[in-house]
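Let me begin by presenting the structure, written as structure tokens, before commenting on it.
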Amino acid sequence: MKKWYLALLTLVLVFSLAACSSGESGGSGDADGVQELTIKISHVVAENTPKHQGALSMKEYIEKESDGKIKVQVYPNSQLFGDKDEYQNLVANNVQFIIPDMSKLVGNDPGFNIPAMPFLFKDDEAANAFWDGEKGQEIFKRLEKDGVLGLSMWPNGAKHITNEKKAIKTPDDLKGLKIRTQGGQLLEAIYGDLGAGSTSIPFGELYTALQQGTVDGQENTYSNIESKKFDEVQKYMTIMGHTRVDYALLTNTKFWDGLNDETRKIIEKGVEEGTKVARDSAMDLNDDALKTLKDRGQVEIHELSESEIDAFKKKLEPVYKEWAEKIGADIIKDAESKSE
Ligand code: LMR
């Protein structure tokens with residue numbers, strides 16, 4: 001009788017211990033309380049940019065709401081990982097959030113070429129609306145095959161060309177120049193059609209590449225140009241807005257699934273906060289950066305007139321059509337509808 005009782009007690013103990021440990025390692029929301037964690041956010045740009053401001057507000061929200069149980073470390077300026085290795089380190093869970101320019105993701109899915117489609121979105125709101133919508137979310141979902149979750153889109157804004165050689169006012173002015181791009185075949189095709197050569201260089205190496213004349217020019221937002229002081233090593237800037245920098249806020253699926261409900265809720269709200277700050281600050285930071293570039297007076301600025309822009313649109317029509325098919329007619333139709 002006593003032996004039988006002891007055996008039963010042992011069985012109960014073994015089962016309850018097994019249930020308990022599977023709850024913890026499964027991390028599916030069974031464990032109570034906010035988990036103690038250290039989260040790393042890595043990105044490649046400077047501090048006075050919408051991406052860094054968004055990341056800082058994520059940190060502030062998450063640390064405050066978790067009573068310091070979750071610590072968030074933000075690494076700007078490619079300090080932790082750069083363009084070449086941030087995605088694979090996210091997949092390996094060496095970093096929990098990265099926020100790459102979508103042009104760096106075109107090797108994973110052609111849909112991420114959307115910000116490089118010439119003159120597609122009229123402003124940040126149109127881009128936000130596309131990525132928040134069904135088709136944009138569909139493109140994010142395609143990263144799940146890598147164990148990566150796309151949580152949100154953060155805009156930076158329209159890109160403009162800087163270069164060291166001449167004022168660019170017509171498509172022909174680009175002939176013979178060598179331009180650095182963020183990467184991908186669409187940007188390469190755009191410069192190919194304009195008679196320029198192009199090469200992709202990580203953002204962290206761009207200042208030196210411009211300084212040493214490895215490339216003649218590059219395209220970027222005002223806030224990236226100003227915060228990295230590219231005007232120190234470039235003579236001309238053309239206000240063009242032909243392509244965009246838009247970011248994908250990405251996390252590791254295993255990390256995300258390992259959070260219990262209470263912890264995930266805090267981090268989710270932190271992502272919302274970061275998204276709000278990044279979206280609200282992008283345009284203002286670009287406006288301020290343009291003003292600073294004008295005040296510093298180191299680059300000669302030419303703003304294209306409407307008819308000058310039309311000449312670029314016409315020249316880039318074939319490449320737009322070709323890539324609309326590659327990306328998918330339904331996706332492009334949806335994206336175009338956001339600027340109507
Ligand atoms: C660039 O590489 O020029 C930009 O995409 C950097 C960034 O993340 O804004």
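Remember, it's 1-based here, ligands and their atoms both numbered in the order they're listed.
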Proximal atoms of ligand 1 relative to [X] (non-hydrogen, under 4.0 Å):
X: Asn220; value: 1 (C), 3 (O)
X: Gln182; value: 1 (C), 2 (O), 3 (O), 4 (C), 5 (O)
X: Lys104; value: 1 (C), 2 (O), 4 (C), 5 (O), 6 (C)

Does a salt bridge link [X] with [Y], judged by any charged N lying under 4.0 Å from a carboxylate O?
X: Glu268; Y: Arg264; result: no
X: Asp330; Y: Lys135; result: yes
X: Lys141; Y: Glu138; result: no
X: Lys166; Y: Asp173; result: no

Using a 3.5 Å cut-off on N or O atoms only, is [X] in polar contact with ligand 1?
X: Tyr247; value: yes
X: Lys51; value: yes
X: Arg180; value: yes

(message) Heavy-atom contact check, 4.0 Å cutoff: does His43 meet ligand 1?
(response) no
(request) Please assess His302 against Tyr236 for the test ring-ring contact (aromatic ring centres under 6.0 Å, His included), listing each intermediate value before the final yes or no. (result) CA-CA 8 Å; His302 176 72; Tyr236 305 96; over 10 Å; no
(request) Write out all pairs satisfying side-chain hydrogen bond (donor to acceptor under 3.5 Å, both in side chains) with one or both partners inside residues 122-131, taking only residues at least two apart or from two chains. (result) Asp124-Arg244
(request) Measure up the Phe121 and Phe130 rings against each other and bin them: parallel (under 30°), tilted (30 to 60°), perpendicular (over 60°). (result) tilted
(message) Can you tell me which portion of Val44 lies within the under-4.0 Å heavy-atom range of ligand 1? Options are side chain, backbone, both, or neither.
(response) side chain
(request) Have a look at ligand 1 and work out which part of Thr49, if any, has a heavy atom under 4.0 Å from it: side chain, backbone, both or neither. (result) neither
Nearest protein heavy-atom contact for [atom]: which residue, which atom, what distance?
atom: atom 7 (C) of ligand 1; result: Val45 CG1, 3.3 Å
atom: atom 5 (O) of ligand 1; result: Asp101 OD2, 2.6 Å
atom: atom 1 (C) of ligand 1; result: Phe203 CD1, 3.3 Å

(message) Tell me if a side-chain donor or acceptor on Lys59 pairs with a main-chain N or O of Val72 at a distance below 3.5 Å.
(response) yes
